[in-house]
Amino acid sequence: MAEPLTEELFAAIGKLAHAHTYLDYHLSTVARLMAGAEAEEPIWVLFEGRSTEQIISDMMAMLDEWNDWPEKYLPPERPRIAAFRSTLRQLKILNDLRNEVIHGLIIKEPVGRRIIYPPWGKSSRPPYLFARSRMRKGVTKVTALTIPDIERVMGELFDIAHKIEDLYREAQLEREEMDEVAAEAALPEYIAYLEEKGNSGATE
């Protein structure tokens, strides 16, 4: 395992903390927009004090509600919504890695714990082992990250922060278009229902 603890390591951890704070600001902005607050409204209270993990879950739940139409009426391809959802999933992974670093102790040996590597794979450089200072959900593991791994998480958090509002607005436009397509697809069935209802009423 990598040692000793260096200024380079602590500089990377500090930059990661800054990147995450910057991301949190933009993420909360988009969460409020998704909840319907285009202007300054008290809707922000819904997200005040919630963790990044909770806000991502809230946004995923709101995104699930976008598909109000039965699947048979929806267009088969919804790439902008898919891109937004994919970014939220990526963000969840990055946030988990950030938490391992910021809320972790650096240890020398795994001591029977599972070693988890980042999703892009094991580095050739010796990693630092980050163990959460408090046990969560009964999981016993340590996360192995090198300084370049930490810097990669930082860079990807900044990248998502810069583009997440644009991704949301593009997805929202696609949602509106999707509603029009779905309404048009459902119209013949709805007209047939009205006619059947009218005929049924006429015979009574």
Side-chain angles (χ1 to χ4, degrees), residues 1-35 44-64 84-165 167-168:
M1 297 301 109
E3 58 178 307
L5 306 184
T6 64
E7 291 298 324
E8 183 186 8
L9 170 65
F10 289 116
I13 293 173
K15 290 175 183 177
L16 174 62
H18 171 67
H20 190 266
T21 300
Y22 185 77
L23 177 278
D24 259 349
Y25 170 78
H26 290 278
L27 185 69
S28 295
T29 297
V30 174
R32 291 195 295 271
L33 291 174
M34 289 186 76
W44 64 268
V45 174
L46 295 174
F47 305 101
E48 185 72 1
R50 290 179 70 73
S51 69
T52 306
E53 181 179 0
Q54 290 169 328
I55 292 176
I56 294 171
S57 295
D58 292 339
M59 292 170 72
M60 292 291 283
M62 286 188 281
L63 195 54
D64 288 341
F84 184 48
R85 186 187 294 277
S86 176
T87 299
L88 291 177
R89 286 179 179 144
Q90 178 191 2
L91 181 53
K92 185 179 185 311
I93 293 169
L94 294 171
N95 184 63
D96 287 345
L97 290 172
R98 173 263 178 194
N99 288 343
E100 296 301 319
V101 173
I102 300 300
H103 300 297
L105 299 172
I106 298 173
I107 62 175
K108 291 185 177 181
E109 296 296 336
V111 194
R113 304 187 192 191
R114 289 185 302 125
I115 299 179
I116 305 297
Y117 293 92
W120 48 84
K122 184 177 179 180
S123 172
S124 59
R125 292 180 55 169
Y128 292 95
L129 296 181
F130 292 87
R132 290 295 287 262
S133 55
R134 287 186 298 172
M135 190 72 70
R136 294 187 79 245
K137 302 175 183 177
V139 176
T140 305
K141 67 175 184 178
V142 294
T143 302
L145 296 167
T146 63
I147 291 174
D149 288 330
I150 296 171
E151 290 173 340
R152 177 169 176 167
V153 174
M154 174 198 69
E156 292 189 14
L157 287 176
F158 270 127
D159 182 57
I160 290 176
H162 290 143
K163 69 183 184 183
I164 193 165
E165 187 170 339
L167 282 169
Y168 158 71

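Along the sequence shown, the residues carry numbers beginning at 1. These values consider heavy atoms only, across backbone and side chains, with no hydrogens, waters or symmetry-generated copies. Keep in mind the model is a prediction, meaning the values are calculated, not measured.
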Can you confirm whether I150 sits close enough to Y128 that some side-chain heavy atom of one is under 4.5 Å from a side-chain heavy atom of the other?
no
So which of I102, V101, T52, V153 actually passes side chain to side chain contact (heavy atoms under 4.5 Å, CB included) with H20?
T52
Taking the side chain as C-beta and beyond, is there a heavy-atom pair between L88 and K92 under 4.5 Å?
no
Value for CD1 (I116) from NZ (K122), rounded to nearest 0.5 Å, stands at 12.5 Å
Please report the shortest heavy-atom distance between L5 and L9, naming the atom on each side.
CD2-CD2, 3.8 Å
By salt bridge (charged side-chain N to carboxylate O under 4.0 Å, His left out) - contacts of R98 (at least two apart):
none
A side-chain contact here means heavy atoms from C-beta on lying under 4.5 Å apart; do P118 and T143 qualify?
no
In short, R113 meets V142 closest at the heavy-atom pair CD-CG1, 3.7 Å
Would you say that F130 contacts L105 through its side chain, given a criterion of any heavy-atom pair below 4.5 Å between the two side chains?
no
What one should report as the nearest heavy-atom pair of D149 and A144 is OD2-O, 4.3 Å
Taking the ring centre of each residue, are F158 and H18 less than 6.0 Å apart?
yes
Kindly compute the distance separating CG (L33) from CE (M59), expressed to the nearest 0.5 Å.
9.0 Å
Decide, yes or no, whether a salt bridge links D64 with R85 under the criterion of side-chain N to carboxylate O below 4.0 Å.
yes
Output all residues satisfying salt bridge (charged side-chain N to carboxylate O under 4.0 Å, His left out) with E8, sequence neighbours left out; order by chain, then residue number.
none
State, to 0.1 Å, how close H26 and A161 come at their nearest heavy-atom pair, and which atoms those are.
CG-O, 3.6 Å
From W120 CH2 over to I93 CD1, what is the distance, rounded to the nearest 0.5 angstrom?
9.0 Å
For the residue pair R132 and K141, establish whether any side-chain heavy-atom pair is separated by less than 4.5 Å.
no
E151: partners by salt bridge (charged side-chain N to carboxylate O under 4.0 Å, His left out), with sequence neighbours left out:
none
Less than 4.5 Å apart, side chain to side chain, heavy atoms only: is that true for L157 and L16?
yes
Do you know which two heavy atoms are closest between N95 and E53, and how far apart they sit?
ND2-N, 3.8 Å
Side chains of D24 and T21: do they bring a donor and an acceptor to under 3.5 Å?
no
Interatomic spacing from CE in M154 to CD in E156 - rounded to 0.5 Å:
10.5 Å
Give the minimum heavy-atom separation between R125 and T146, together with the two atoms involved.
O-CG2, 3.6 Å
Taking the side chain as everything from C-beta on, heavy atoms only, tell me whether L27 gets closer than 4.5 Å to L91.
yes
Any side-chain heavy atom of I164 within less than 4.5 Å of one from Y168?
no
For I106 and L129, run side-chain contact (heavy atoms from CB on, under 4.5 Å): C-alpha distance rounded to whole Å, both residues' side-chain angles, the deciding distance at 0.1 Å, then the answer.
CA-CA 6 Å; I106 298 173; L129 296 181; 6.0 Å; no
Interatomic distance, L94 atom CG to N99 atom CG [nearest 0.5 angstrom]:
11.0 Å
